[in-house]
Amino acid sequence: MGRSCLPRWRLGRLMAGLQLILGLVVITVSLSCLYRFHSAGYFLHNEDICRTIYTIKEVKNSEGFDLKSLHDRVDDVLEKMDNLYDKLENTVKEMEKSKDGSKREIKRFLEEEVMKPFYHAHIGLRQIRLPNPEGIRNSTEKEEPLINKFLVEEIRKYITPKENRVGKVNMFGTERVYNTIGHSCVLMKTELEKYMDYDVGAYCDDDWNLAQKLMINGCDPLPRRRCLTRASMTYQKPYPINESLWKLPDDRNVRWGNYQCRNFACLSSKNPKRGYTKCTGCFEMEKESTKWVKNSTLLADFKIDDVLRVKQGEIRIGLDVGVGTGTFAARMREKNVTIVTTALNLGAPFNEMIALRGLIPLYISLNQRLPFFDNTMDMIHTAGLMDGWIDLLLMDFVLYDWDRVLRPGGLLWIDRFFCKKKDLDDYMYMFLQFRYKKHKWAISPKSKDEAYLSALLEKPPRAI
């Protein structure tokens with residue numbers, strides 16, 4: 001066989017040069033297509049375009065624009081870009097094996113100056129949501145909601161419905177799966193795109209505080225993320241359950257970067273710079289250990305034993321809606337009752353504290369529907385969260401959701417709800433409108449202008 005007239009290193013450079021030229025040609029063609037699409041008006045926020053997915057028939061009647069040819073051309077360009085990128089990637093892998101210094105330099109050039117911009121151009125072209133020439137499932141189907149509101153690729157991937165691989169109806173009775181996203185995410189576009197801007201498979205930023213800001217402002221539920229959550233670098237085994245309920249956890253088991261304090265001792269009520277105002281003293285186990293078990297001079301204070309005696313042996317599972325470190329759930333656990341505790345990290349590690357005590361935190365805002373089925377909870381207890389600040393309409397939605405998950409004969413324990421005395425009648429009506437049976441009802445003065453209301457109410461059967 002004849003030998004090549006060119007040395008191997010020149011032949012390698014020639015091949016790399018040809019691939020580079022081919023890549024630039026494809027990028028040029030892609031950019032040209034993008035310019036044509038923009039000129040045609042498909043990237044503009046035109047209401048008619050944003051709202052409707054046109055069919056072939058509709059578009060052919062629009063100034064002779066051939067939408068099917070446009071789709072075919074885009075698919076063809078994407079396929080060629082896929083093939084070219086694979087060739088470039090394989091070439092770079094081969095160069096990694098070489099000890100030739102010149103090839104390493106070409107490899108670096110290909111990675112930084114060709115493959116990276118090529119990849120971004122490729123992704124940008126794939127993100128374009130063109131009208132579907134065949135319609136989506138039918139000719140009047142609307143475009144998938146919110147898809148054109150965001151630029152970050154990971155958000156768009158999350159929002160896009162996921163078709164079943166087998167092409168049939170799945171176990172849920174649907175042909176595709178729709179991921180959920182809060183409507184206020186559109187109003188917080190900048191924050192959400194920052195939250196979702198990460199490398200798939202890499203470590204997430206330590207940005208739970210950004211996530212919580214989104215949740216509280218109605219961007220809830222948040223999109224799922226495909227990155228690895230960070231844990232404390234010095235994480236230790238939690239204490240055993242016979243110790244953890246009434247003992248402060250190990251400081252090393254919390255990531256303190258987004259808190260004002262750097263340890264649990266700093267969270268004492270004596271520290272004015274502790275970083276939180278609600279639930280003062282709830283990180284002090286000595287104070288917490290006396291709640292709901294000792295007699296009080298305040299009529300609005302009910303003891304757990306007295307409440308459980310109302311439904312002897314019937315209270316097994318429940319929900320605690322409030323601001324705290326899980327002390328109510330800890331006391332109920334000692335009575336063989338399982339309580340899920342809602343919590344937000346409002347200036348302190350409430351969720352971490354509850355979990356490290358061996359209890360169940362539910363990271364949820366007041367805005368969200370409870371993730372429980374109808375008529376399933378034996379008890380709902382609330383303290384310290386819904387007070388006289390809450391709007392009556394919002395409270396109405398919340399109370400109806402509680403009524404939904406509380407079973408017939410279940411108990412609603414309103415614990416030291418407080419408001420201004422002049423508003424007390426309005427709030428009492430909110431609790432009484434459901435016609436629950438009164439087991440306990442107490443009003444105590446909190447101050448000159450405020451009052452406490454505590455109540456133990458039983459949901460009626462409603463066997464309709």
Side-chain angles (χ1 to χ4, degrees), residues 279 282 288 290-324 326-342 359 362 366 370 372 374-388 390 392 395-396 398-419 421 423-446 450-463:
C279 187
C282 60
E288 291 291 284
T290 64
K291 290 183 176 180
W292 298 292
V293 293
K294 290 189 175 182
N295 291 321
S296 170
T297 57
L298 194 67
L299 289 175
D301 283 342
F302 301 161
K303 292 168 61 178
I304 282 180
D305 286 340
D306 294 339
V307 170
L308 293 181
R309 202 173 291 120
V310 171
K311 288 283 185 177
Q312 193 74 40
E314 293 185 31
I315 306 302
R316 307 151 301 157
I317 58 173
L319 176 68
D320 181 25
V321 182
V323 179
T327 296
F328 180 79
R331 279 293 175 214
M332 295 295 273
R333 184 187 179 108
E334 293 174 337
K335 307 294 183 180
N336 294 320
V337 178
T338 300
I339 296 291
V340 176
T341 305
T342 67
L359 305 167
L362 181 62
L366 197 61
L370 290 173
F372 304 115
D374 305 353
N375 303 310
T376 51
M377 293 289 111
D378 296 325
M379 172 183 282
I380 294 179
H381 171 263
T382 180
L385 180 64
M386 289 204 321
D387 296 322
I390 190 168
L392 292 177
M395 187 176 186
D396 210 31
V398 171
L399 291 177
Y400 269 95
D401 199 31
W402 292 1
D403 177 78
R404 177 184 63 82
V405 302
L406 196 62
R407 68 166 174 82
L411 297 178
L412 174 60
W413 182 354
I414 310 298
D415 196 352
R416 294 180 66 163
F417 175 91
F418 71 88
C419 63
K421 290 180 179 179
D423 297 329
L424 188 57
D425 286 344
D426 292 334
Y427 285 113
M428 284 196 298
Y429 168 77
M430 300 301 292
F431 294 121
L432 294 174
Q433 64 177 317
F434 298 97
R435 301 182 183 277
Y436 283 14
K437 178 181 178 181
K438 287 184 187 177
H439 288 287
K440 289 178 176 292
W441 185 273
I443 298 174
S444 300
K446 182 178 185 290
E450 294 180 312
Y452 285 118
L453 168 64
S454 289
L456 185 65
L457 309 173
E458 179 181 339
K459 181 179 176 179
R462 294 188 194 150

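Since we're looking at a predicted model, the values are computed, not measured.
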### Task
Please work out which of the three classes, parallel, tilted or perpendicular, describes the rings of H381 and F328, given edges at 30° and 60°.
parallel
#### Entry: Test side-chain contact (heavy atoms from CB on, under 4.5 Å) applied to M430 and D396, step by step
CA-CA 7 Å; M430 300 301 292; D396 210 31; 3.4 Å; yes
### Task
Check step by step if side-chain contact (heavy atoms from CB on, under 4.5 Å) holds for V337 and M379.
CA-CA 10 Å; V337 178; M379 172 183 282; over 6 Å; no
#### Entry: Minimum-distance pair of heavy atoms, taken over all atoms of V323 and L385
CG2-CD1, 3.8 Å
#### Entry: Closest contact, heavy atoms only, F302 versus W292
O-CD1, 3.6 Å
### Message
Does this structure show an ion pair linking D403 with R462, if we count only N-O contacts that are shorter than 4.0 Å?
### Response
yes
### Query
Looking only at atom types and distance, does a side-chain atom of D378 sit under 3.5 Å from a main-chain N or O of I317, one as donor and one as acceptor?
yes
### Task
Kindly determine whether L319 and F372 satisfy side-chain contact (heavy atoms from CB on, under 4.5 Å), including the steps that lead there.
CA-CA 10 Å; L319 176 68; F372 304 115; 4.0 Å; yes
## Note on the structure
With sequence neighbours left out, the residues meeting ring-ring contact (aromatic ring centres under 6.0 Å, His included) with F418 are none
### Task
In plain terms, say whether K294 and D301 are close enough for a salt bridge, that is, a side-chain N and a carboxylate O under 4.0 Å apart.
no
## Note on the structure
What one should report as the nearest heavy-atom pair of G409 and K311 is O-CE, 3.3 Å
#### Entry: Whether T342 side chain and L362 backbone form a donor-acceptor pair below 3.5 Å
no
### Message
Looking only at the aromatic ring of each residue, does the gap between the centers of F431 and Y436 stay below 6.0 angstrom?
### Response
no
### Query
Do any N or O atoms from the side chain of T341 and from the backbone of G326 form a donor-acceptor pair under 3.5 angstrom?
no
### Query
Should F417 and C419 be marked as a side-chain contact (heavy atoms from CB on, under 4.5 Å) after you check the CA-CA gap, both sets of side-chain angles, and the distance that decides it?
CA-CA 7 Å; F417 175 91; C419 63; 4.0 Å; yes
### Main-chain N/O of K459 paired to R407 side chain as donor or acceptor, under 3.5 Å
no
